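Okay, structure first, notes after.
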There are 2 protein chains.
Amino acid sequence: MPSGDDRAAVQEAIRGAILRGDYAPRQRLIEAELCERFGSSRFEIRNALQDLASHGLVEFQPNRGARVREITFAEVIEITEVRRMLEGFEAARAAERVTKAEAAALKQITRDMRAAVSRSELLRYSDLNKQLHGAIRDIAAHETSARLLRQLRDQTVRHQFSLSLVPGRPSVSLPQHEAIVEAVVAKDPSAAEAAMHAHLQSVIEAFRALSAAVAQP
Amino acid sequence: MPSGDDRAAVQEAIRGAILRGDYAPRQRLIEAELCERFGSSRFEIRNALQDLASHGLVEFQPNRGARVREITFAEVIEITEVRRMLEGFEAARAAERVTKAEAAALKQITRDMRAAVSRSELLRYSDLNKQLHGAIRDIAAHETSARLLRQLRDQTVRHQFSLSLVPGRPSVSLPQHEAIVEAVVAKDPSAAEAAMHAHLQSVIEAFRALSAAVAQP
DNA sequence: GTCAGCAATAATGTTAACAACCTGCCGGGG
DNA sequence: CCCCGGCAGGTTGTTAACATTATTGCTGAC
């Protein structure tokens, strides 16, 4: 008995299952199995899979159906390089448009971040990280870049998670986040862009290090 | 009797028809009609339309099917702002990686451009413009940004076309293109990025002017 | 023991028919 | 004269069956 808006609900459920790791990269997603698991028809499953494919989370092989797309470290680095450009742009734009209320909210997030780091609350810090980047995106109010960034985000979630577990990583990124907020609040676009660039450059280098560490265990 | 790779062929045909203007923005794309025109089944048409929707060329309304997505001037400007960032990044990267053969090819394109401008061959210039941006994209060899830029390109084709008809526009952009190539060939990443930024900034301003001119006829 | 060929199975790609939905028109009532 | 309800046509959304393609496991010969 499917309720009205299963179209989006099923897609969200499958996405959640993939991001949660229920399905591993390169694992085939068999339509009949998904039908049973999510209580939907094959038609809905196919639609959901095609949408997920357009977001880059799964890929189709001719006559072999859908499977979870494997994202290599090289690709994560590429994605982060693009994020560096687009989020840098958003930070500059946010610095031009930020209101007093928004500035206060940004500063509150960095205060919470600092508290989370001092208490070693990794999950909390990771969540605040998402909040901060999201807040800047909202202030920038740039539909097109927001859409593209959202497309890229899902593909790196698994790796972002592993990055946040690197010991000492939060203490490195915390001052970078603070510098970004400082520049945005000061309404200094080029400083905001530079701070965001520096932050994501450091993320890129962390990924490179992680990649090398995994390649030679 | 559909040949093997109609899947992509039909999609390409519909895309072409839209870009050529056979279907106007906001016009509904009736599946049965497309079936007859392109000699395909409704299934293939639906697949093609969904792919086109994921590229942003058409949009779906619930229970009302697909229609050509209307792209406003505001959106074209947003898209060009993103292009400015990504193509600037690609230009910098191209400057780091360019080989001698590639440099020669780039310079040849600018020579052809200059010739096309002096002969007022607008269409030829527009084509060379695409070639130049494409060559830089190939030299940069950055899958992720190339994918996103391709996604954005289609959406602005119609407006790009109208921009290339603005009198005097080629003589403005020609030196900008030459500056980009010069910096790339000189293997100067930051100059290449700056030159690309300046070029696309000028495109943005041309769009703004065009938008204002259309708004108040 | 191993490998090629083959048949059975499983999964996807496709088709055609059906159901749900929006739209525009017509007629009746206020 | 205008507004409202419902009916008819057309269009999309969905379902179930069918065709096609990969995969797997077996058989038999070498």
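Everything quoted here is computed from the prediction, not taken from an experiment. Reminder, nothing fancy here: chain letters follow the sequence lines and each chain counts from 1.
Of the candidate nucleotides C:dA11, D:dT15, C:dT14, D:dT15 has the atom nearest to the side chain of A:Phe43. Nearest to the side chain of A:Glu31, among C:dT15, D:dT12, C:dT12, sits C:dT12.
In this structure, B:Glu12 pairs ionically with B:Arg15, as a charged nitrogen and a carboxylate oxygen lie closer than 4.0 Å. Ionic pairing of B:Lys187 and B:Glu96 is not present here: no N-O contact between side-chain nitrogen and carboxylate oxygen is shorter than 4.0 angstrom. With salt bridges taken as basic N to acidic carboxylate O contacts below 4.0 Å, none links A:Arg64 and A:Glu59. Ion pairing between A:Glu31 and A:Arg42 holds under the 4.0 Å rule for side-chain N and carboxylate O. Under the 4.0 Å criterion applied to side-chain N and carboxylate O atoms, A:Arg97 and A:Asp138 are not assigned as salt-bridge partners.
Among the protein residues, A:Leu29 comes within range of the sugar-phosphate backbone only, with heavy atoms under 4.0 Å from sugar or phosphate atoms but none that close to a base.
As a whole-Å value, the separation of A:Ile45 CD1 from C:dT12 C1' is 14 Å. The separation between A:Glu44 atom CD and D:dT14 atom P is 6 Å, rounded to whole Å. Going from atom CD of B:Gln61 over to atom C1' of D:dT12 covers 12 Å, rounded to whole Å. Between the C1' atom of D:dT11 and the CG atom of B:Leu49 lies a distance of 13 Å, rounded to the nearest Å. The CZ atom of A:Phe60 sits 9 Å away from the P atom of C:dT12 (whole-angstrom rounding). The distance from atom CD of A:Glu36 to atom P of C:dA11 is 11 Å, rounded to the nearest whole Å. Residue B:Arg42 contributes atom CZ, which lies 15 Å from atom P of C:dA19 at whole-angstrom precision. Here the P atom of nucleotide C:dG13 and the CG atom of A:Asn47 are 13 Å apart, to the nearest Å.
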Show me the protein contacts with nucleotides 21-25 of chain D, counting only N or O atoms at under 3.5 Å.
from	atom 1	to	atom 2	distance (Å)
D:dT21	O3'	A:Asn63	ND2	3.3
D:dT23	OP1	A:Arg64	NE	2.7
D:dT23	OP1	A:Arg64	NH1	3.4
D:dT23	OP1	A:Arg64	NH2	2.7

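The shortest distance between the side-chain N/O atoms of B:Ser41 and the OP1/OP2 oxygens of C:dT14 is not below 4.0 Å. Phosphate proximity of C:dG13 to A:Arg46: present, with a side-chain N or O under 4.0 Å from OP1 or OP2.
The environment of B:Gln61 atom CD is dense: over 12 non-hydrogen atoms of other residues, nucleotides or ligands sit within 6.0 angstrom.
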Does the pair A:Gln201 and A:Arg84 meet the rule for a side chain to side chain donor-acceptor pair (under 3.5 Å), with working shown? CA-CA 7 Å; A:Gln201 187 62 41; A:Arg84 179 167 176 272; 3.2 Å; yes

